[in-house]
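Structure, as structure tokens:
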Protein chains: 2
Amino acid sequence: MSDYNEEIVPEMCKVTDALGILVGKWKPVILLHLLKNGTQRFNELKRSLPGITQKMLTNQLRELEEEDIIERKVYAQVPPKVEYSITDYGTSLEPILHAMHVWGANHTIHKQTKRNNQAEAK
Amino acid sequence: MSDYNEEIVPEMCKVTDALGILVGKWKPVILLHLLKNGTQRFNELKRSLPGITQKMLTNQLRELEEEDIIERKVYAQVPPKVEYSITDYGTSLEPILHAMHVWGANHTIHKQTKRNNQAEAK
DNA sequence: CCGTATCCCCTGAGATACTG
DNA sequence: CAGTATCTCAGGGGATACGG
């Protein structure tokens, strides 16, 4: 691995920074959904994410917007219409999300076989 | 992006799973340090991570061990000697950590220039 | 040297109700 | 439709002290 010089403390660690942006119960799921389906309205998202509350959805969207990962577009009309989409900048996260998806899927299998081995060991 | 089928809820999302393993205040920093410097003793780690408490260090190490990311080797001797190292399996995380490091470093710059632009806008 | 055991605090997140 | 406003609770993480 190249040079991770003196990032020996969380406050200096760029990995921790990147992580911070993805962390949040619904953030990965929201990002994957927007990447896959493109622009979505607020209620469209809400319906696609069973179990999320309005508060949480607003909250997670705001935090992602704050980091310029997603864009919020408000149409001045009644009834209100608000659209959310991934920014160009936000798409730079896609390779990372993809890698984590693959790794996570594999890890699920890893843990499963581990449990099986432990079970047959007795 | 390929197929992220019905992972429309956090409990099914593999990205969330992968994230869960990296999340923890000192985990990224510990992993980077072990990847860079190889096997380390407990106190060696503690000294390298200014500000971490014994409790936290033990805690984070245990959680990583639980996922087979790191290995804990206890030598039966007094005074005690315990060594920690990344497992082969654990090194599969390195590309992800590297990608996050690069992305995070760039994001720091992104936010900085953003602030500068906002400042000169007035 | 390498840890546990406590106590305490703060924030992320759920439930619920209200509004332009 | 697309949000705020409260209230509440669990658990991640700090400080500190003790133990094999």
Side-chain angles (χ1 to χ4, degrees), chain A residues 8-13 15-17 19-31 33-34 39-67 69-85, chain B residues 8-13 15-17 19-31 33-34 39-67 69-85:
Chain A
I8 230 54
V9 93
E11 293 74 20
M12 306 261 109
C13 179
V15 175
T16 302
D17 288 349
L19 227 38
I21 284 159
L22 269 0
V23 168
K25 183 162 182 187
W26 295 88
K27 281 184 196 168
V29 145
I30 289 172
L31 290 175
H33 192 247
L34 285 178
T39 304
Q40 299 275 115
R41 297 185 56 168
F42 185 85
N43 265 3
E44 219 170 348
L45 279 170
K46 181 151 168 34
R47 273 191 301 272
S48 303
L49 308 172
I52 200 171
T53 62
Q54 307 219 72
K55 177 192 161 189
M56 256 297 117
L57 181 51
T58 315
N59 172 355
Q60 306 277 326
L61 289 170
R62 286 296 191 293
E63 291 185 18
L64 291 169
E65 190 193 357
E66 180 74 18
E67 303 294 340
I69 309 301
I70 65 173
E71 189 186 7
R72 179 169 180 263
K73 202 168 191 173
V74 184
Y75 293 83
Q77 62 181 50
V78 277
K81 175 178 170 182
V82 182
E83 284 182 345
Y84 293 90
S85 57
Chain B
I8 231 49
V9 96
E11 291 74 21
M12 306 261 108
C13 180
V15 174
T16 301
D17 288 349
L19 228 37
I21 285 159
L22 270 358
V23 167
K25 184 165 182 186
W26 295 88
K27 282 184 195 168
V29 144
I30 289 173
L31 290 175
H33 192 246
L34 285 178
T39 304
Q40 299 275 116
R41 295 184 58 167
F42 185 84
N43 265 3
E44 217 169 350
L45 278 170
K46 181 151 167 33
R47 273 190 302 272
S48 303
L49 276 15
I52 199 171
T53 62
Q54 306 218 83
K55 176 192 162 190
M56 257 296 117
L57 181 51
T58 314
N59 172 355
Q60 307 277 296
L61 289 170
R62 287 295 191 292
E63 292 186 16
L64 291 169
E65 189 194 358
E66 179 75 19
E67 303 293 340
I69 308 302
I70 66 174
E71 190 186 5
R72 179 168 182 265
K73 204 168 190 172
V74 184
Y75 293 83
Q77 62 181 51
V78 275
K81 174 179 171 184
V82 181
E83 284 181 346
Y84 293 91
S85 56

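Basis for what follows: all heavy atoms, side chains included, without hydrogens, waters or symmetry-related copies. We name chains A, B, ... by the order of the sequence lines, and we start the count at 1 in each one.
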Measure from [atom1] on [X] to [atom2] on [N] and round the result to the nearest Å.
| X | N | atom1 | atom2 | result |
| --- | --- | --- | --- | --- |
| A:Ile30 | C:dA13 | CD1 | C1' | 13 Å |
| B:Leu45 | C:dG3 | CG | P | 10 Å |
| A:Arg72 | D:dC1 | CZ | P | 16 Å |
| A:Trp26 | C:dA13 | CH2 | C1' | 11 Å |
| A:Lys46 | C:dG14 | NZ | P | 12 Å |
| B:Gln40 | C:dC2 | CD | C1' | 15 Å |
| B:Glu44 | C:dC1 | CD | P | 12 Å |
| A:Gln77 | C:dG20 | CD | C1' | 15 Å |

Indicate, with a heavy-atom threshold strictly under 4.0 Å, whether [X] touches base, sugar-phosphate, or nothing.
| X | answer |
| --- | --- |
| B:Pro79 | sugar-phosphate |
| A:Tyr84 | sugar-phosphate |
| B:Gln60 | sugar-phosphate |

For this session: Answer yes or no: are there more than 12 heavy-atom neighbours, outside B:Glu66 itself, under 6.0 Å from its atom CD?
Result: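 Count not over threshold, so no.
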Exercise. Is there side-chain contact between A:Val9 and B:Leu49, with at least one heavy-atom pair below 4.5 Å?
Worked result: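 No, side chains not in contact.
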Exercise. Would you say B:Leu45 and B:Ile52 make side-chain contact, with heavy atoms under 4.5 Å?
Worked result: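 B:Leu45 vs B:Ile52: side chains apart.
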Exercise. Can you tell me how far the CG atom of B:Leu64 sits from the CG atom of B:Leu22, to the nearest 0.5 Å?
Worked result: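 B:Leu64 CG to B:Leu22 CG: 8.5 Å, rounded to 0.5 Å.
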For this session: Mind running a 4.0 Å heavy-atom check of residues 48-59 of chain B against DNA chain C and sending the residues that fall below it, in number order?
Result: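 Output list: B:Gln54, B:Lys55, B:Thr58.
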For this session: Check every atom of C:dC2, D:dA2, D:dG13 against the side chain of B:Phe42 and return the nucleotide holding the closest atom.
Result: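 Selected nucleotide (nearest to the side chain): C:dC2.
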For this session: Establish, with yes or no, whether the OP1 or OP2 oxygen of D:dT4 is under 4.0 angstrom from a side-chain nitrogen or oxygen of A:Arg62.
Result: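 Looking at the OP1 and OP2 atoms of D:dT4, one of them is under 4.0 Å from a side-chain N or O of A:Arg62.
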Exercise. Within less than 4.0 Å of OP1 or OP2 of C:dC1, is there a side-chain N or O belonging to B:Arg47?
Worked result: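 Result: no.
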Exercise. A:Lys25 or B:Arg41: which one's nearest nucleotide on DNA chain C is closer to the 5' end?
Worked result: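 Per heavy-atom nearest nucleotide, the more 5' residue is B:Arg41.
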For this session: Mind listing the closest non-hydrogen atom pair of B:Trp26 and B:Pro50 along with its distance?
Result: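 Closest approach of B:Trp26 to B:Pro50: CH2-O, 3.4 Å.
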Exercise. If you look at every heavy atom in A:Gln40 and A:Ser48, which pair is closest and at what distance?
Worked result: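 Reported closest heavy-atom pair: NE2-OG, 4.2 Å.
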For this session: Apply the side-chain contact (heavy atoms from CB on, under 4.5 Å) test between B:Tyr84 and each candidate in B:Arg72, B:Lys73, B:Arg41; give the one that qualifies.
Result: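 The single option meeting the side-chain contact (heavy atoms from CB on, under 4.5 Å) with B:Tyr84 is B:Arg72.
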